[in-house]
Protein chains: 2
Amino acid sequence: MTENDRLTEEKIFEAATAVFEEKGLDGARMQDIADRAGINKALLHYYFRSKEKLFLAVFDNLAEILFSKFAGIFQQDMPFDEKMKYFFLEHMTFLQQNPKLPIFILTEVSRNPELVDKFLAKIDLNSIKTRMSEDPANTMPPKMLPHLMISIVSLSVMPIAARPIIEKVLETAGYNFDEFYEERKYLAPEFIINAVRQFKSETDNNTTT
Amino acid sequence: MTENDRLTEEKIFEAATAVFEEKGLDGARMQDIADRAGINKALLHYYFRSKEKLFLAVFDNLAEILFSKFAGIFQQDMPFDEKMKYFFLEHMTFLQQNPKLPIFILTEVSRNPELVDKFLAKIDLNSIKTRMSEDPANTMPPKMLPHLMISIVSLSVMPIAARPIIEKVLETAGYNFDEFYEERKYLAPEFIINAVRQFKSETDNNTTT
DNA sequence: GTCTATAGAAGGATAGAC
DNA sequence: GTCTATCCTTCTATAGAC
(Lines give C-alpha, C1' and ligand atoms only; values in the text may rest on other atoms or scores of the structure.)
Protein backbone atom coordinates (compact mmCIF):
# COMPACT_ATOMS: atom_id res chain seq x y z
CA MET A 1 0.00 0.00 0.00
CA THR A 2 3.01 2.29 -0.27
CA GLU A 3 1.81 3.21 -3.74
CA ASN A 4 -1.58 4.09 -2.29
CA ASP A 5 0.07 6.10 0.48
CA ARG A 6 1.96 8.14 -1.96
CA LEU A 7 -1.14 8.81 -3.94
CA THR A 8 -3.18 9.95 -0.95
CA GLU A 9 -0.44 12.11 0.44
CA GLU A 10 0.04 13.63 -2.97
CA LYS A 11 -3.67 14.27 -3.42
CA ILE A 12 -3.73 16.03 -0.06
CA PHE A 13 -0.65 18.04 -0.90
CA GLU A 14 -2.05 19.18 -4.20
CA ALA A 15 -5.38 20.10 -2.67
CA ALA A 16 -3.64 21.96 0.15
CA THR A 17 -1.47 23.82 -2.35
CA ALA A 18 -4.51 24.98 -4.29
CA VAL A 19 -6.45 26.05 -1.20
CA PHE A 20 -3.57 27.82 0.59
CA GLU A 21 -2.52 29.59 -2.59
CA GLU A 22 -6.08 30.79 -3.12
CA LYS A 23 -7.06 31.70 0.45
CA GLY A 24 -3.82 32.14 2.35
CA LEU A 25 -2.92 30.58 5.68
CA ASP A 26 -5.68 32.25 7.66
CA GLY A 27 -8.40 31.89 5.06
CA ALA A 28 -7.73 28.25 4.25
CA ARG A 29 -9.99 25.63 5.87
CA MET A 30 -8.92 22.08 6.59
CA GLN A 31 -12.41 21.02 5.54
CA ASP A 32 -11.96 22.64 2.11
CA ILE A 33 -8.66 20.85 1.64
CA ALA A 34 -10.19 17.52 2.64
CA ASP A 35 -13.15 18.03 0.31
CA ARG A 36 -10.90 18.99 -2.56
CA ALA A 37 -8.70 15.96 -1.98
CA GLY A 38 -11.77 13.74 -1.78
CA ILE A 39 -11.01 12.50 1.73
CA ASN A 40 -11.93 13.59 5.26
CA LYS A 41 -10.33 15.88 7.78
CA ALA A 42 -8.98 13.12 9.97
CA LEU A 43 -6.72 11.94 7.17
CA LEU A 44 -5.15 15.36 6.84
CA HIS A 45 -3.97 15.10 10.40
CA TYR A 46 -2.89 11.52 9.93
CA TYR A 47 -0.51 12.61 7.16
CA PHE A 48 0.51 16.11 8.26
CA ARG A 49 -0.22 16.35 12.02
CA SER A 50 -1.46 19.97 11.97
CA LYS A 51 -2.61 22.78 9.72
CA GLU A 52 0.62 24.64 10.40
CA LYS A 53 2.82 21.73 9.35
CA LEU A 54 0.78 21.24 6.21
CA PHE A 55 1.06 24.93 5.45
CA LEU A 56 4.82 24.93 5.94
CA ALA A 57 5.22 22.00 3.59
CA VAL A 58 3.14 23.76 0.95
CA PHE A 59 4.85 27.12 1.41
CA ASP A 60 8.27 25.56 1.22
CA ASN A 61 7.46 23.86 -2.02
CA LEU A 62 5.89 26.92 -3.63
CA ALA A 63 8.70 29.24 -2.58
CA GLU A 64 11.18 26.80 -4.05
CA ILE A 65 9.28 26.71 -7.34
CA LEU A 66 9.03 30.49 -7.58
CA PHE A 67 12.65 31.18 -6.75
CA SER A 68 14.21 28.42 -8.75
CA LYS A 69 12.38 30.02 -11.65
CA PHE A 70 14.31 33.26 -11.12
CA ALA A 71 17.58 31.52 -10.59
CA GLY A 72 17.26 29.11 -13.45
CA ILE A 73 16.56 31.84 -15.94
CA PHE A 74 19.20 34.26 -14.74
CA GLN A 75 21.78 31.53 -14.90
CA GLN A 76 21.24 30.99 -18.59
CA ASP A 77 24.46 31.59 -20.45
CA MET A 78 23.73 34.26 -23.05
CA PRO A 79 24.33 37.96 -23.75
CA PHE A 80 22.50 40.42 -21.54
CA ASP A 81 19.94 41.54 -24.10
CA GLU A 82 19.07 37.98 -25.00
CA LYS A 83 18.87 37.07 -21.36
CA MET A 84 16.35 39.82 -20.70
CA LYS A 85 14.16 38.78 -23.61
CA TYR A 86 14.36 35.19 -22.53
CA PHE A 87 13.65 36.00 -18.89
CA PHE A 88 10.48 38.00 -19.44
CA LEU A 89 9.09 35.55 -21.95
CA GLU A 90 9.68 32.57 -19.71
CA HIS A 91 8.91 34.18 -16.39
CA MET A 92 5.78 36.04 -17.39
CA THR A 93 4.44 32.90 -19.05
CA PHE A 94 5.16 30.98 -15.89
CA LEU A 95 3.31 33.56 -13.79
CA GLN A 96 0.41 33.42 -16.22
CA GLN A 97 0.07 29.76 -15.33
CA ASN A 98 0.52 30.43 -11.60
CA PRO A 99 -1.26 33.73 -11.08
CA LYS A 100 -1.88 33.31 -7.35
CA LEU A 101 1.70 32.42 -6.52
CA PRO A 102 3.29 35.89 -6.14
CA ILE A 103 0.60 37.31 -3.88
CA PHE A 104 0.61 34.18 -1.77
CA ILE A 105 4.36 34.29 -1.17
CA LEU A 106 4.47 38.05 -0.65
CA THR A 107 1.58 38.03 1.79
CA GLU A 108 2.70 35.13 3.92
CA VAL A 109 6.25 36.43 4.04
CA SER A 110 5.05 39.90 4.93
CA ARG A 111 3.03 38.55 7.86
CA ASN A 112 5.67 36.11 8.98
CA PRO A 113 9.14 37.25 7.87
CA GLU A 114 10.84 34.22 9.41
CA LEU A 115 9.56 32.27 6.45
CA VAL A 116 12.17 34.01 4.30
CA ASP A 117 15.13 32.29 5.90
CA LYS A 118 13.84 28.87 5.04
CA PHE A 119 13.85 29.27 1.31
CA LEU A 120 16.70 31.70 0.83
CA ALA A 121 19.03 29.04 2.14
CA LYS A 122 18.20 26.95 -0.91
CA ILE A 123 19.13 29.56 -3.48
CA ASP A 124 22.59 30.25 -4.73
CA LEU A 125 22.48 34.01 -4.78
CA ASN A 126 26.12 34.42 -5.62
CA SER A 127 25.90 32.56 -8.87
CA ILE A 128 23.02 34.81 -9.93
CA LYS A 129 25.06 37.87 -9.04
CA THR A 130 27.99 36.57 -11.01
CA ARG A 131 25.89 35.81 -14.05
CA MET A 132 24.26 39.19 -13.95
CA SER A 133 27.48 41.13 -13.63
CA GLU A 134 29.08 39.45 -16.63
CA ASP A 135 27.36 41.65 -19.16
CA PRO A 136 26.71 45.33 -19.65
CA ALA A 137 26.23 45.62 -15.98
CA ASN A 138 29.95 45.37 -15.37
CA THR A 139 30.13 48.95 -16.53
CA MET A 140 28.02 49.93 -13.55
CA PRO A 141 29.06 50.03 -9.92
CA PRO A 142 28.35 46.77 -8.07
CA LYS A 143 25.88 48.67 -5.93
CA MET A 144 23.64 49.03 -8.96
CA LEU A 145 23.16 45.31 -9.46
CA PRO A 146 20.52 44.84 -6.77
CA HIS A 147 18.60 47.79 -8.19
CA LEU A 148 18.68 46.32 -11.65
CA MET A 149 17.63 42.88 -10.52
CA ILE A 150 14.79 44.16 -8.40
CA SER A 151 13.61 46.35 -11.26
CA ILE A 152 13.54 43.33 -13.54
CA VAL A 153 11.55 41.26 -11.10
CA SER A 154 9.20 44.15 -10.34
CA LEU A 155 8.28 44.63 -13.98
CA SER A 156 7.59 40.94 -14.34
CA VAL A 157 5.66 40.28 -11.15
CA MET A 158 3.47 43.35 -10.65
CA PRO A 159 1.13 42.88 -13.61
CA ILE A 160 0.05 39.53 -12.22
CA ALA A 161 0.05 40.56 -8.57
CA ALA A 162 -2.16 43.57 -9.33
CA ARG A 163 -4.12 41.90 -12.10
CA PRO A 164 -7.68 42.61 -10.86
CA ILE A 165 -6.91 46.32 -10.58
CA ILE A 166 -4.97 46.59 -13.83
CA GLU A 167 -7.58 44.61 -15.67
CA LYS A 168 -10.39 46.95 -14.62
CA VAL A 169 -8.36 50.07 -15.38
CA LEU A 170 -7.46 48.77 -18.82
CA GLU A 171 -11.07 47.89 -19.54
CA THR A 172 -12.10 51.43 -18.68
CA ALA A 173 -9.67 52.65 -21.34
CA GLY A 174 -10.87 50.08 -23.86
CA TYR A 175 -7.93 47.71 -23.59
CA ASN A 176 -7.82 44.00 -22.92
CA PHE A 177 -5.65 42.49 -20.19
CA ASP A 178 -4.53 39.41 -22.07
CA GLU A 179 -3.39 41.48 -25.03
CA PHE A 180 -1.66 43.89 -22.71
CA TYR A 181 0.11 41.03 -21.00
CA GLU A 182 1.34 39.48 -24.25
CA GLU A 183 2.65 42.85 -25.43
CA ARG A 184 4.42 43.28 -22.16
CA LYS A 185 6.40 40.09 -22.54
CA TYR A 186 8.23 41.87 -25.37
CA LEU A 187 8.11 45.46 -24.16
CA ALA A 188 9.47 44.84 -20.66
CA PRO A 189 12.86 43.55 -21.81
CA GLU A 190 13.14 46.50 -24.22
CA PHE A 191 12.42 48.77 -21.32
CA ILE A 192 15.22 47.25 -19.24
CA ILE A 193 17.66 47.15 -22.13
CA ASN A 194 17.00 50.79 -22.96
CA ALA A 195 17.39 51.93 -19.40
CA VAL A 196 20.65 50.04 -19.01
CA ARG A 197 22.07 51.09 -22.37
CA GLN A 198 21.34 54.69 -21.58
CA PHE A 199 22.92 54.31 -18.19
CA LYS A 200 25.95 52.69 -19.73
CA SER A 201 26.53 55.50 -22.20
CA GLU A 202 26.12 58.02 -19.40
CA THR A 203 28.75 56.19 -17.39
CA ASP A 204 31.05 56.12 -20.42
CA ASN A 205 30.60 59.82 -20.90
CA ASN A 206 31.44 60.48 -17.30
CA THR A 207 34.50 58.28 -17.53
CA THR A 208 35.78 59.90 -20.68
CA THR A 209 35.19 63.38 -19.31
CA MET B 1 -22.15 63.05 23.64
CA THR B 2 -21.78 63.43 19.90
CA GLU B 3 -18.18 64.42 20.49
CA ASN B 4 -17.67 61.27 22.49
CA ASP B 5 -19.33 59.20 19.79
CA ARG B 6 -17.02 60.51 17.19
CA LEU B 7 -14.06 59.76 19.37
CA THR B 8 -15.08 56.19 20.07
CA GLU B 9 -15.98 55.46 16.48
CA GLU B 10 -12.70 56.97 15.40
CA LYS B 11 -10.72 54.96 17.92
CA ILE B 12 -12.40 51.80 16.67
CA PHE B 13 -11.77 52.73 13.07
CA GLU B 14 -8.11 53.42 13.68
CA ALA B 15 -7.65 50.19 15.60
CA ALA B 16 -9.48 48.25 12.90
CA THR B 17 -7.32 49.85 10.23
CA ALA B 18 -4.16 48.81 12.00
CA VAL B 19 -5.30 45.25 12.63
CA PHE B 20 -6.78 44.60 9.19
CA GLU B 21 -3.73 46.09 7.48
CA GLU B 22 -1.45 43.88 9.54
CA LYS B 23 -3.39 40.61 9.49
CA GLY B 24 -5.79 40.85 6.56
CA LEU B 25 -9.51 40.14 6.60
CA ASP B 26 -9.21 36.48 7.57
CA GLY B 27 -6.43 36.91 10.09
CA ALA B 28 -7.95 39.89 11.91
CA ARG B 29 -9.81 39.23 15.17
CA MET B 30 -12.58 41.42 16.51
CA GLN B 31 -11.09 40.87 19.95
CA ASP B 32 -7.74 42.31 18.82
CA ILE B 33 -9.45 45.35 17.40
CA ALA B 34 -11.43 45.89 20.59
CA ASP B 35 -8.32 45.53 22.74
CA ARG B 36 -6.38 47.92 20.57
CA ALA B 37 -9.18 50.48 20.70
CA GLY B 38 -9.43 50.08 24.46
CA ILE B 39 -13.06 49.00 24.42
CA ASN B 40 -14.90 45.68 24.24
CA LYS B 41 -16.19 43.57 21.40
CA ALA B 42 -19.84 44.50 21.90
CA LEU B 43 -19.08 48.12 21.06
CA LEU B 44 -17.60 47.13 17.73
CA HIS B 45 -20.90 45.67 16.72
CA TYR B 46 -22.79 48.61 18.14
CA TYR B 47 -20.89 50.95 15.80
CA PHE B 48 -20.31 48.75 12.74
CA ARG B 49 -22.83 45.86 12.93
CA SER B 50 -20.47 43.16 11.64
CA LYS B 51 -16.85 42.33 10.93
CA GLU B 52 -17.54 42.47 7.21
CA LYS B 53 -19.01 45.97 7.37
CA LEU B 54 -16.11 47.17 9.48
CA PHE B 55 -13.68 45.65 7.03
CA LEU B 56 -15.38 47.28 4.06
CA ALA B 57 -15.23 50.67 5.72
CA VAL B 58 -11.53 50.22 6.44
CA PHE B 59 -10.72 48.86 3.00
CA ASP B 60 -12.59 51.65 1.30
CA ASN B 61 -10.67 54.26 3.22
CA LEU B 62 -7.27 52.66 2.65
CA ALA B 63 -7.87 52.12 -1.05
CA GLU B 64 -8.86 55.75 -1.36
CA ILE B 65 -5.69 56.87 0.40
CA LEU B 66 -3.44 54.70 -1.74
CA PHE B 67 -5.00 55.65 -5.05
CA SER B 68 -5.44 59.31 -4.41
CA LYS B 69 -1.69 59.25 -3.79
CA PHE B 70 -1.10 58.02 -7.34
CA ALA B 71 -3.59 60.40 -8.84
CA GLY B 72 -2.51 63.44 -6.91
CA ILE B 73 1.09 63.05 -7.89
CA PHE B 74 0.49 62.26 -11.54
CA GLN B 75 -1.71 65.28 -11.83
CA GLN B 76 1.05 67.63 -10.82
CA ASP B 77 1.67 70.13 -13.56
CA MET B 78 5.34 69.83 -14.48
CA PRO B 79 7.59 68.43 -17.20
CA PHE B 80 7.82 64.66 -17.47
CA ASP B 81 11.31 64.29 -16.01
CA GLU B 82 10.44 66.47 -13.05
CA LYS B 83 7.19 64.60 -12.57
CA MET B 84 9.03 61.29 -12.37
CA LYS B 85 11.52 62.58 -9.83
CA TYR B 86 8.73 64.08 -7.79
CA PHE B 87 6.59 60.97 -8.00
CA PHE B 88 9.18 58.51 -6.76
CA LEU B 89 10.35 60.78 -3.98
CA GLU B 90 6.84 61.40 -2.70
CA HIS B 91 5.39 57.99 -3.35
CA MET B 92 8.23 55.91 -2.00
CA THR B 93 8.36 58.07 1.11
CA PHE B 94 4.64 57.58 1.54
CA LEU B 95 4.99 53.81 1.22
CA GLN B 96 7.84 53.89 3.72
CA GLN B 97 5.36 55.29 6.21
CA ASN B 98 2.65 52.81 5.20
CA PRO B 99 4.60 49.64 4.50
CA LYS B 100 1.70 47.23 4.97
CA LEU B 101 -0.68 49.08 2.68
CA PRO B 102 0.28 47.68 -0.73
CA ILE B 103 0.21 44.03 0.32
CA PHE B 104 -3.07 44.54 2.11
CA ILE B 105 -4.80 46.05 -0.91
CA LEU B 106 -3.27 43.60 -3.38
CA THR B 107 -4.15 40.58 -1.28
CA GLU B 108 -7.73 41.51 -0.49
CA VAL B 109 -8.40 42.54 -4.07
CA SER B 110 -6.84 39.35 -5.37
CA ARG B 111 -9.09 37.25 -3.16
CA ASN B 112 -12.20 39.33 -3.77
CA PRO B 113 -11.93 41.17 -7.08
CA GLU B 114 -15.33 42.85 -6.65
CA LEU B 115 -13.59 45.18 -4.21
CA VAL B 116 -11.93 46.86 -7.19
CA ASP B 117 -15.12 48.40 -8.53
CA LYS B 118 -15.80 50.24 -5.34
CA PHE B 119 -12.70 52.36 -5.33
CA LEU B 120 -12.04 52.73 -9.02
CA ALA B 121 -15.26 54.68 -9.27
CA LYS B 122 -13.69 57.34 -7.11
CA ILE B 123 -10.66 57.92 -9.29
CA ASP B 124 -10.57 60.10 -12.33
CA LEU B 125 -8.51 57.89 -14.58
CA ASN B 126 -8.94 60.08 -17.61
CA SER B 127 -7.30 63.07 -16.07
CA ILE B 128 -4.30 60.95 -15.16
CA LYS B 129 -4.10 59.65 -18.71
CA THR B 130 -4.30 63.18 -20.06
CA ARG B 131 -1.60 64.43 -17.74
CA MET B 132 0.67 61.55 -18.59
CA SER B 133 0.29 61.90 -22.34
CA GLU B 134 1.20 65.57 -22.32
CA ASP B 135 4.90 64.96 -22.15
CA PRO B 136 7.45 62.81 -23.90
CA ALA B 137 4.91 60.08 -23.99
CA ASN B 138 3.01 61.82 -26.75
CA THR B 139 5.72 60.58 -29.05
CA MET B 140 4.67 57.05 -28.26
CA PRO B 141 1.55 55.26 -29.37
CA PRO B 142 -1.35 55.63 -26.91
CA LYS B 143 -1.16 51.90 -26.32
CA MET B 144 2.16 52.42 -24.58
CA LEU B 145 0.77 54.62 -21.85
CA PRO B 146 -0.62 51.83 -19.68
CA HIS B 147 2.68 50.02 -19.95
CA LEU B 148 4.57 53.08 -18.86
CA MET B 149 2.26 53.82 -15.95
CA ILE B 150 2.30 50.25 -14.70
CA SER B 151 6.07 50.17 -14.97
CA ILE B 152 6.29 53.31 -12.87
CA VAL B 153 4.02 51.95 -10.19
CA SER B 154 5.77 48.57 -10.23
CA LEU B 155 9.17 50.09 -9.57
CA SER B 156 7.77 52.09 -6.68
CA VAL B 157 5.63 49.47 -4.99
CA MET B 158 7.62 46.25 -5.23
CA PRO B 159 10.51 47.16 -2.92
CA ILE B 160 8.03 47.66 -0.10
CA ALA B 161 5.75 44.78 -0.99
CA ALA B 162 8.67 42.37 -1.09
CA ARG B 163 10.67 44.03 1.66
CA PRO B 164 11.32 41.00 3.89
CA ILE B 165 12.76 39.07 0.96
CA ILE B 166 14.74 41.94 -0.50
CA GLU B 167 16.08 42.88 2.90
CA LYS B 168 17.45 39.41 3.53
CA VAL B 169 18.96 39.14 0.07
CA LEU B 170 20.64 42.52 0.42
CA GLU B 171 22.02 41.60 3.81
CA THR B 172 23.56 38.47 2.34
CA ALA B 173 25.40 40.70 -0.13
CA GLY B 174 26.44 43.13 2.59
CA TYR B 175 23.97 45.87 1.76
CA ASN B 176 21.46 47.66 3.94
CA PHE B 177 17.80 47.95 3.03
CA ASP B 178 17.25 51.50 4.19
CA GLU B 179 20.23 52.76 2.21
CA PHE B 180 19.08 50.81 -0.79
CA TYR B 181 15.63 52.30 -0.48
CA GLU B 182 16.92 55.88 -0.26
CA GLU B 183 19.13 55.36 -3.30
CA ARG B 184 16.19 53.97 -5.16
CA LYS B 185 14.12 57.10 -4.69
CA TYR B 186 16.59 58.79 -7.02
CA LEU B 187 17.56 55.88 -9.26
CA ALA B 188 14.06 54.75 -10.16
CA PRO B 189 13.08 58.00 -11.91
CA GLU B 190 16.39 57.94 -13.82
CA PHE B 191 15.56 54.45 -14.89
CA ILE B 192 12.18 55.48 -16.24
CA ILE B 193 13.50 58.62 -17.88
CA ASN B 194 16.28 56.70 -19.60
CA ALA B 195 13.97 54.01 -20.85
CA VAL B 196 11.54 56.55 -22.23
CA ARG B 197 14.21 58.78 -23.76
CA GLN B 198 15.71 55.82 -25.50
CA PHE B 199 12.32 54.76 -26.73
CA LYS B 200 11.60 58.22 -27.95
CA SER B 201 14.78 58.45 -30.02
CA GLU B 202 14.05 55.02 -31.46
CA THR B 203 10.62 56.20 -32.47
CA ASP B 204 12.13 59.32 -34.01
CA ASN B 205 14.58 57.23 -35.98
CA ASN B 206 11.81 55.04 -37.25
CA THR B 207 9.77 58.08 -38.23
CA THR B 208 12.60 59.75 -40.09
CA THR B 209 13.52 56.54 -41.88
C1' DG C 1 -23.18 54.58 24.94
C1' DT C 2 -20.77 51.00 27.35
C1' DC C 3 -20.26 46.85 29.82
C1' DT C 4 -20.71 41.58 31.21
C1' DA C 5 -22.29 37.34 30.00
C1' DT C 6 -23.48 34.08 26.79
C1' DA C 7 -25.46 32.14 22.72
C1' DG C 8 -24.40 29.79 18.52
C1' DA C 9 -21.52 28.49 14.82
C1' DA C 10 -17.17 27.02 12.92
C1' DG C 11 -12.79 25.25 12.88
C1' DG C 12 -8.73 22.36 14.30
C1' DA C 13 -7.69 18.25 16.35
C1' DT C 14 -8.29 13.48 18.33
C1' DA C 15 -10.46 8.84 19.77
C1' DG C 16 -11.79 4.69 18.32
C1' DA C 17 -14.07 1.45 15.08
C1' DC C 18 -13.21 -0.97 10.85
C1' DG D 1 -4.94 3.62 5.95
C1' DT D 2 -9.52 5.48 6.24
C1' DC D 3 -13.80 6.63 8.24
C1' DT D 4 -17.46 8.55 11.76
C1' DA D 5 -18.24 10.83 15.79
C1' DT D 6 -16.97 14.11 18.96
C1' DC D 7 -14.15 17.15 21.88
C1' DC D 8 -12.50 21.68 22.74
C1' DT D 9 -11.26 26.05 21.57
C1' DT D 10 -12.02 30.20 19.21
C1' DC D 11 -14.67 33.56 17.04
C1' DT D 12 -18.61 36.42 15.64
C1' DA D 13 -22.60 38.19 17.26
C1' DT D 14 -26.39 39.36 20.49
C1' DA D 15 -29.11 39.91 24.91
C1' DG D 16 -29.69 42.49 28.68
C1' DA D 17 -28.09 45.24 32.76
C1' DC D 18 -26.40 49.82 33.94
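In what follows, every chain begins at residue 1, and chains take the letters A, B, ... in the order their sequences are listed. Heavy-atom basis, side chains included; hydrogens, waters and symmetry copies ignored.
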Axis deviation across the helix from C:dG1-D:dC18 to C:dC18-D:dG1, five-pair ends, to the nearest 10°: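 Comparing the first five pairs with the last five, the axes sit 10° apart.
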OP1 or OP2 of [N] less than 4.0 angstrom from a side-chain nitrogen or oxygen of [X], does that happen here?
| X | N | answer |
| --- | --- | --- |
| B:H45 | D:dA13 | yes |
| B:T8 | C:dG1 | no |
| B:Y46 | C:dT2 | no |

Quick note, ring pair (Phe, Tyr, Trp, His ring centres under 6.0 Å) partners involving residues 110-133 of chain B, not counting sequence neighbours, are B:F59-B:F119, B:F67-B:F119
Take atom [atom1] of [X] as the centre, draw a 6.0 Å sphere, and report whether it contains more than 12 heavy atoms from other residues, nucleotides or ligands.
| X | atom1 | result |
| --- | --- | --- |
| B:K53 | NZ | no |
| A:E52 | CD | no |
| B:K185 | NZ | yes |

In terms of heavy-atom contacts, B:I166 and B:P159 come closest through CD1-CA, 3.6 Å
d(B:L155 CG, B:I150 CD1) to nearest 0.5 Å is 12.0 Å
Nucleic acid contacts of residues 21-43 of chain B, taken as heavy-atom distances under 4.0 Å to DNA chain D: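 Result for residues 21-43 of chain B: B:A28, B:R29, B:M30, B:K41, B:A42, sorted by number.
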Which residue pairs satisfy the side-chain hydrogen bond (donor to acceptor under 3.5 Å, both in side chains) criterion with at least one member in residues 101-113 of chain B, sequence neighbours excluded?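 Those involving residues 101-113 of chain B are A:T107-B:T107.
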Quick test of your reading of the model: are A:E22 and A:R36 salt-bridged, counting only N-O distances below 4.0 Å? no
Is it true that A:E14 and A:K11 make a salt bridge, defined as a side-chain N closer than 4.0 Å to a carboxylate O? no
[X] [atom1] - [N] [atom2] separation (whole Å):
| X | N | atom1 | atom2 | value |
| --- | --- | --- | --- | --- |
| B:L7 | C:dG1 | CG | C1' | 13 Å |
| A:R49 | D:dG1 | CZ | P | 15 Å |
| B:K11 | C:dG1 | NZ | P | 13 Å |

I'd like to know whether the aromatic ring centres of B:F20 and B:F55 sit less than 6.0 Å apart in this structure.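 Yes, the ring centres sit under 6.0 Å apart.
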Check each residue of residues 50-60 of chain A for a non-hydrogen atom within less than 4.0 Å of any atom in DNA chain C, then write out the ones that pass by number, or none.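 Hits under 4.0 Å, by residue number: A:S50, A:K51.
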I'd like to check the salt bridge (charged side-chain N to carboxylate O under 4.0 Å, His left out) partners of A:E64; sequence neighbours left out, ordered by chain and number. A:K122
